[in-house]
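A quick write-up on the structure given underneath.
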Amino acid sequence: MRILVIEDDEQTARYIIKGLRESGQSADWARDGRDGMFRAAQDAYDVMIVDRMLPGLDGLSLVKAARAAGVATPVLMLTAMGAIEDRVAGLEGGADDYLVKPFSFAELNARVNALGRRGPLQEQDAVLKVADLTLDRLRRTVKRGAQSIDLQPREFRLLEELMLNADRVVTRTMLLERVWDFHFDPGTNIVETHISRIRGKIDRGGDAPLIHTVRGAGYVIRAA
C-alpha cells in the first residue's frame, strides 16, 4: 500500500514511517496540513494517517476539505484528545478511524491494514438504488429523482450502510460499529439525530418516505 503520513512532529512521523516501511508499505511524509492537502489531492494513496493538530491547516479541516474536493482515501486520524466528543468530531468530519496518542505501532498498523483492505470501488458496484433514491459511492453523490442532495460525510456513510442493506433491518448497534467505529454505546442520540437529518433531506417536497423505524429493532430503507 501507499500511505501518506501528515504529522508535524518529526519524531512521531519517523517512528510511523519506519514501522510502515519495515512492514513492506510505501510511506510519504507531509509536515503540515497545507502540504498534506496538496499531496492528498494530487497523488493516489491507499490510506492517509492525519494528525489532529497540524500547523497551517488542522487535521479536521484538512479531512473536511479533502472530502469536499472528492478525495475518498480512507483516513486514520491521530490525536492526543481522547474525549468522546473529539472522536465524534473527527469521524463527523470525514475520518474513517481514530487512534489516540500514545499508541502502539502494532495497533496503528492493524488499523491501517483494515482501512486498506476496503480497496477501490469498481464502477459496477458503485451505484446503489432504492426506489428513486440513488447513491453513487464512487462520486460521493446522492440524488432523489433528478434532485441532488447534499449530505455531510457521516450522513453519506450512514445512508450508504442502510442502502447496502436495503429491505433488511439495521440495528442501532450495527450502525454505531459500521458508521462510527464505536464498539460501545457513547450514551448519545447520535444515530437518531443523523437519521432525522437524512430523512429531512431525502423526503423533501412530499416524496414518499424511504427510511422506516422498526420499533425495538432499528431502521430499514425500502420503497414504499
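- When atom types are taken as modelled, the side chain of Asn165 and the backbone of Arg168 share no donor-acceptor pair closer than 3.5 angstrom.
- No side-chain donor-acceptor contact under 3.5 Å links Asn189 to the backbone of Glu192.
- Arg67 contributes a side-chain N or O that, together with a main-chain N or O of Gly94, makes up a donor-acceptor pair within less than 3.5 Å.
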Starting from the C-alpha separation in whole Å, work towards a yes-or-no answer on salt bridge (Lys or Arg N to Asp or Glu O under 4.0 Å) for Arg222 and Asp167. CA-CA 5 Å; Arg222 61 171 178 255; Asp167 296 315; 5.8 Å; no
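- Here the straight-line distance linking atom CD1 of Ile195 with atom OH of Tyr219 works out to 5.5 Å at 0.5 Å rounding.
- For the pair Glu155 (side chain) and Gln152 (backbone), a donor-acceptor distance under 3.5 Å is present.
- Other residues, nucleotides and ligands place no more than 12 heavy atoms under 6.0 Å from the CD atom of Gln11.
- What you find for Gly59 and Val50 is that their closest heavy atoms are CA-CG1, 3.8 Å.
- Between the side chain of Ser61 and the backbone N or O of Leu57 there is no donor-acceptor pair closer than 3.5 Å.
- Ring planes of Phe103 and Tyr15: tilted class, angle from 30 to 60°.
- Of all heavy-atom pairs spanning Ala27 and Leu20, the tightest one is CB-CD1, 4.0 Å.
- Counting only distance, with no hydrogens or angles, the side chain of Asp51 and the backbone of Leu54 share no donor-acceptor pair below 3.5 Å.
- In this structure, Arg154 contributes its side chain and Ala95 its backbone to a donor-acceptor pair below 3.5 Å.
- In this structure, CD1 on Ile221 lies 12.0 Å from CD on Glu160, to the nearest 0.5 angstrom.
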Check the pair Arg178 / Thr173 against side-chain hydrogen bond (donor to acceptor under 3.5 Å, both in side chains), numbers first and verdict last. CA-CA 9 Å; Arg178 297 174 185 177; Thr173 299; over 6 Å; no
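- A donor-acceptor pair is defined here as one N or O able to donate and one able to accept, closer than 3.5 Å; such a pair exists between the side chain of Arg199 and the backbone of Ile211.
- The distance from the CG atom of Asp96 to the CG atom of Leu76 is 9.0 Å, given to the nearest 0.5 Å.
- At a threshold of 4.0 Å, the pair Asp150-Lys201 does not count as salt-bridged, since none of the basic side-chain nitrogens sits closer than that to a carboxylate oxygen.
- Listed by chain and residue number, Arg2, Leu4, Arg39, Tyr45 satisfy the side chain to side chain contact (heavy atoms under 4.5 Å, CB included) test with Asp28 (two or more places apart in sequence, or in another chain).
- With rounding to the nearest 0.5 angstrom, the CZ atom of Arg172 is 9.0 Å from the CD1 atom of Ile190.
- For the salt bridge (charged side-chain N to carboxylate O under 4.0 Å, His left out) criterion with Glu7, the lone passing option out of Arg52, Lys101, Arg31 is Lys101.
- Between Asp203 and Arg144 there is a salt bridge, with a side-chain nitrogen of the basic residue lying less than 4.0 Å from a carboxylate oxygen of the acidic one.
- Listed by chain and residue number, Asn113 satisfy the side chain to side chain donor-acceptor pair (under 3.5 Å) test with Gln25 (two or more places apart in sequence, or in another chain).
- Considering all non-hydrogen atoms of both residues, Ala131 and Leu210 come closest at CB-CD2, 4.0 Å.
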